[in-house]
There are 6 protein chains.
Amino acid sequence: MRPSGRAPDEMRAITIETGFTRHAEGSCLIGFGDTRVLCTASIEERTPPWLRGKGEGWVTAEYSMLPRATHTRGQREAAKGRQSGRTQEIQRLIGRSLRAVVDLKKLGERQITLDCDVIQADGGTRTAAISGAWVALRIAVDGLIKSGALTEDPIEAQVAAVSCGIYQDTPVLDLDYDEDSTADADANFVLISGGKIAEAQATAEGACYDEEGLLRLLRLARIGCDRIFAAQLDAVKK
Amino acid sequence: MRPSGRAPDEMRAITIETGFTRHAEGSCLIGFGDTRVLCTASIEERTPPWLRGKGEGWVTAEYSMLPRATHTRGQREAAKGRQSGRTQEIQRLIGRSLRAVVDLKKLGERQITLDCDVIQADGGTRTAAISGAWVALRIAVDGLIKSGALTEDPIEAQVAAVSCGIYQDTPVLDLDYDEDSTADADANFVLISGGKIAEAQATAEGACYDEEGLLRLLRLARIGCDRIFAAQLDAVKK
Amino acid sequence: MRPSGRAPDEMRAITIETGFTRHAEGSCLIGFGDTRVLCTASIEERTPPWLRGKGEGWVTAEYSMLPRATHTRGQREAAKGRQSGRTQEIQRLIGRSLRAVVDLKKLGERQITLDCDVIQADGGTRTAAISGAWVALRIAVDGLIKSGALTEDPIEAQVAAVSCGIYQDTPVLDLDYDEDSTADADANFVLISGGKIAEAQATAEGACYDEEGLLRLLRLARIGCDRIFAAQLDAVKK
Amino acid sequence: MRPSGRAPDEMRAITIETGFTRHAEGSCLIGFGDTRVLCTASIEERTPPWLRGKGEGWVTAEYSMLPRATHTRGQREAAKGRQSGRTQEIQRLIGRSLRAVVDLKKLGERQITLDCDVIQADGGTRTAAISGAWVALRIAVDGLIKSGALTEDPIEAQVAAVSCGIYQDTPVLDLDYDEDSTADADANFVLISGGKIAEAQATAEGACYDEEGLLRLLRLARIGCDRIFAAQLDAVKK
Amino acid sequence: MRPSGRAPDEMRAITIETGFTRHAEGSCLIGFGDTRVLCTASIEERTPPWLRGKGEGWVTAEYSMLPRATHTRGQREAAKGRQSGRTQEIQRLIGRSLRAVVDLKKLGERQITLDCDVIQADGGTRTAAISGAWVALRIAVDGLIKSGALTEDPIEAQVAAVSCGIYQDTPVLDLDYDEDSTADADANFVLISGGKIAEAQATAEGACYDEEGLLRLLRLARIGCDRIFAAQLDAVKK
Amino acid sequence: MRPSGRAPDEMRAITIETGFTRHAEGSCLIGFGDTRVLCTASIEERTPPWLRGKGEGWVTAEYSMLPRATHTRGQREAAKGRQSGRTQEIQRLIGRSLRAVVDLKKLGERQITLDCDVIQADGGTRTAAISGAWVALRIAVDGLIKSGALTEDPIEAQVAAVSCGIYQDTPVLDLDYDEDSTADADANFVLISGGKIAEAQATAEGACYDEEGLLRLLRLARIGCDRIFAAQLDAVKK
């Protein structure tokens, strides 16, 4: 029995409020239950130094948690003077995930930065961030197309992510904080609409698992990502 | 004529949504027009080292701007590895302003940290932050009183802040970004309910002003803060 | 009764020794009583990146306190690896104050940096720094005029600063350390010769004040700055 | 055809030289072909602050690449003043992997730090580091047992890691640099002797893969890790 | 012929103004010609963590150059966020030199920090710093003896330092900036009254030297240090 | 009697294994007894900004100690975020020493960086680093000559370094850790084949010495460096 009363393959409510801030070229506030992440897409008409003159663009991401997004206040990374290993690991994952569905040549010599700031955390912040970042990116790129700056769509598919884990011997979908802090294994899957896997990260600090376990977690992830893909399309259409 | 069409002594719409996040002991999303700041109050049952054993508490603040709160994306301070002088100046101001209305002895040996994170910026972010931080603090302290942790209220008054400036030779209240970037003088007043001044900061990079100018700006600030005091009480009552 | 025996509107002795160091284009050691600040003006024939090609110059300032300028030794900021919020706040104030009296277009594409290093502290270091920085700047600019690099004087007026405060219910001028550490309110005024205000910063952590209090502090500041203006002219003439 | 002429399921030569340095409680120089990583295990009779008094130990890891371990010289992280996100991600992975096979309660209140310094890089440095770190750890713990400091063995199994990827449409084992820089997908598997998976990380920036692809990569990883498990035992016996 | 017209074995004028600042337990402004260094000694009744409870004291030093002590303005180390290698090398040298003449057991469990801040630089700042630091230390320790905190004098001798070099094939004493920047070899000697050597550092980037050259430089250093020892005693007696 | 049983003028075994890593243009693992330092030379076809367009090259060095090169584990400098003063002092010394034997004009507009990473420490790491860095440099420059990039040899001589000290009143050569930690005086000499001195650094924290003592240490250094010069030539010939 999950603490939230959810079925093992049941996701939390997905909410996506687009246009949450007005300066960014694309933005949304995405919620997976009580987890809420503000995702913005910022377009800059320049690329990183190592890409200049190659006729390609770049998509990158930054991630941060507001100090009191969590149960107890965490120290602000800007005050500490360095981003934690966890933060860097997550923002690298978000960037890779989004680049997996963008044709950087079609994007042209511009950079899109996806800022994912966690307003409230209840487990699954990185997966919500990836899923919301796609929506912000989609809106920003639609703007480029509408303005004529792009004639071909560089986004090749949708990308979404969800966490799965083994909670009291049962594989469950979309762990919330109560489950996450006691789960035996914890996996994050980044999936692409159409069925391919962009990234799979499965970790076990306590109990370990095998092929069958990995596939069961992946099967749950497919259920969750299908729900997210639908919510992304709904949000973008509005 | 102001770009927004407002009268010289007219504030922007003040919106205060309490309980915007659920983990903090007090929180609100405050809006002065398009400027929106998330303010949270976090209670910790310990004080900074230099206060230990003195039977007093502490109130402090941190301030940050999300990278894309502004028209063009700013670099994330956590990525740069240091907080800018502007950030530090503002968070010191917020802390002093709130301490001006708190009896630290009555607060007891605990620290309340007010995190003010700017979600969207359109001028006046520090004044909105101070005004919203009071609401978050009020809610957090009400919780301490309700739980019996405090028997006497350490908050002695309300505190609010607003900016004023001289725009095209006219003193105006509550500058938005369009006015702020071209104003000749720029002042921030932190006022206390009952009429006292907690802090006055008036700067003129271009044109300068005199006693009469300073008093006219202060008179506008009184009008604005009275509006904010009313909005704070409304928000807290809900 | 003030600890120093001074009258409420009496400044400490003002001493200004020009040419204290020989490499800088302008320099002086300014004293407000026991507070002593070394101010140097350094001219560089280049401007910050964001000003390049605009035909304007820039005036900026840096401030530091020697570790043992104070009663007890403070940690060296270079050893800590970061400048404190206080340091950054003060150096931003010094820079703004000086720019208030300089026509940056007339200065041409060059930068003048005012380094204000506190040799000994006894209250009022930032106001002494501003007042001394003007002398260093005046000497440096006189050099540019004499050498023919400038044909028009970019300095439009004198600028000086002084602190005032409410000490045992009496408004007093030019607080020394003993007064500063126990004063109820503390204000710094940056005034321009001719009567305008460049900057007013009045803070009250304990007691607060009102319009009348603010004006009384400002009146004292005018008395003090008139004395400083005279001392600046004397120093520069030598 | 692989650049090295290896069969798709063929690992590079595994070399493990134990006792490579003499101060560490355990050490080895591990080679996967031209990739060479120095792994040392350092025992300290204290635990991190958050574990004190809990009767448990801790196993952690640090990773670094010598500046000229690579084809072109990289900047030294100590000179840059910060560890890269890649470095932090890898050292977190090494630590988690080793903890997956250690009973921290049996280890007692001590910390073992595994330093993995890449002397020469040719792809697969993180997997060689994990595999070598186990050997260093095994030697260090054997020392604790021999000295009587431990009566029960806290190491529950062997752990090893290997990379796999899709190179020119063929799943291949143990990517070297030439393959790694052009592979379509890249996966790192951390396996435990006995068959369980400790960690699986599969990434695709270009082409993506599906369940079948993931399982084929995992099957290769099993072949590779079996070879590494044998080499570890050989090394430790000497 | 030296640029300054001095004889090869002629030192610049040595000036030592004690009590230059009033908060430090000992202070002086030392001048070797145009080089001027403010040296302060600060006593703290605590020792570094690694010395606690050992019944010994510690003597340490910090060194800094004001940004415009030099011909062209240097960047402030506090603004850069790190001390340069040169700064650290010099402050380590100053500390070692002073410790060479102090009996740390007799000093008792206290730390004396010698801050050496270069007000104006014209070559030889580190040697002036060492020589002036001894004066500040002497004054501070005299205060401890006078107050009864110390009954036995922990200072066993005087220490002084001077630079020598080979300028246009001639060994010369006490290099000024003009000589220093073109000298073929550059040596700093730290000598102890009575004749012993505390530290010798001789460097040759261009031409190199041999035993005879080293001894000739050392002979010059003895002449210079004798002059400094006399000036130190004069200064302390006043 | 020395702890190692060596005669006072006896060096430890010198071992030099060239080509220890394969990516660097030159590399060796040098051993002075149990001290082992990996030295690599990296050629880059660009010079530091302050040298550009001057038709000269640059030789520089970086030094680091692996965390467990020593008896007890030291904190990794990359994790601390700054290089220690000791590290910076040593790497500056290595760079100066190598530049003493290189004609930078003949090197042309390229930079050679010598990375010296201490794999195992037993005293004398900086002197082994200098001696090994020359070997790596020699190999790298030979490569430039062989490829035709250089027609004239920019290396004018050999450079080597060794430590000497006064151990139990006896001057001894090539201190190991046991001697180094208890020696009264400690000197490092950098000598050039042919007999000149590039750098002499002699320090005495406890006992001090005089001219005769300095010369006796230097005489030992000549014995040691002659042995190292021979070993360098042997290594390079292979």
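In what follows, chains carry the letters A, B, and so on, assigned in the order in which the sequence lines appear, proteins first and then strands, with residues in each chain numbered from 1. Every value quoted in this text rests on a predicted model; they were computed, and no experiment measured them.
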Colleague: Heavy atoms only, distances under 4.5 angstrom: which of Gln83(B), Lys196(B), Gln201(B) has the most pairs with chain C? Name it, please.
Modeller: Lys196(B)
Colleague: Regarding Thr60(C) and Gln111(C), is there a side-chain donor-to-acceptor distance under 3.5 Å anywhere?
Modeller: no
Colleague: Roughly how far, to the nearest 0.5 Å, is CZ of Arg82(C) from CZ of Arg82(B)?
Modeller: 7.0 Å
Colleague: Considering only heavy atoms, which portion of Ser84(B) lies under 4.5 Å from any heavy atom of chain C: side chain, backbone, both, or neither?
Modeller: backbone
Colleague: Relative to chain B, which segment of Thr87(C) carries a heavy atom at a distance below 4.5 Å: side chain, backbone, both, or neither?
Modeller: neither
Colleague: So which part of Leu214(B) gets closer than 4.5 Å to some heavy atom of chain C, the side chain, the backbone, both or neither?
Modeller: side chain
Colleague: Checking Thr70(C) against Tyr177(C): is there a side-chain donor and acceptor pair closer than 3.5 Å?
Modeller: no
Colleague: Under the criterion salt bridge (Lys or Arg N to Asp or Glu O under 4.0 Å), which of Arg222(B), Arg216(B), Arg219(B) is the partner of Glu211(C)?
Modeller: Arg222(B)
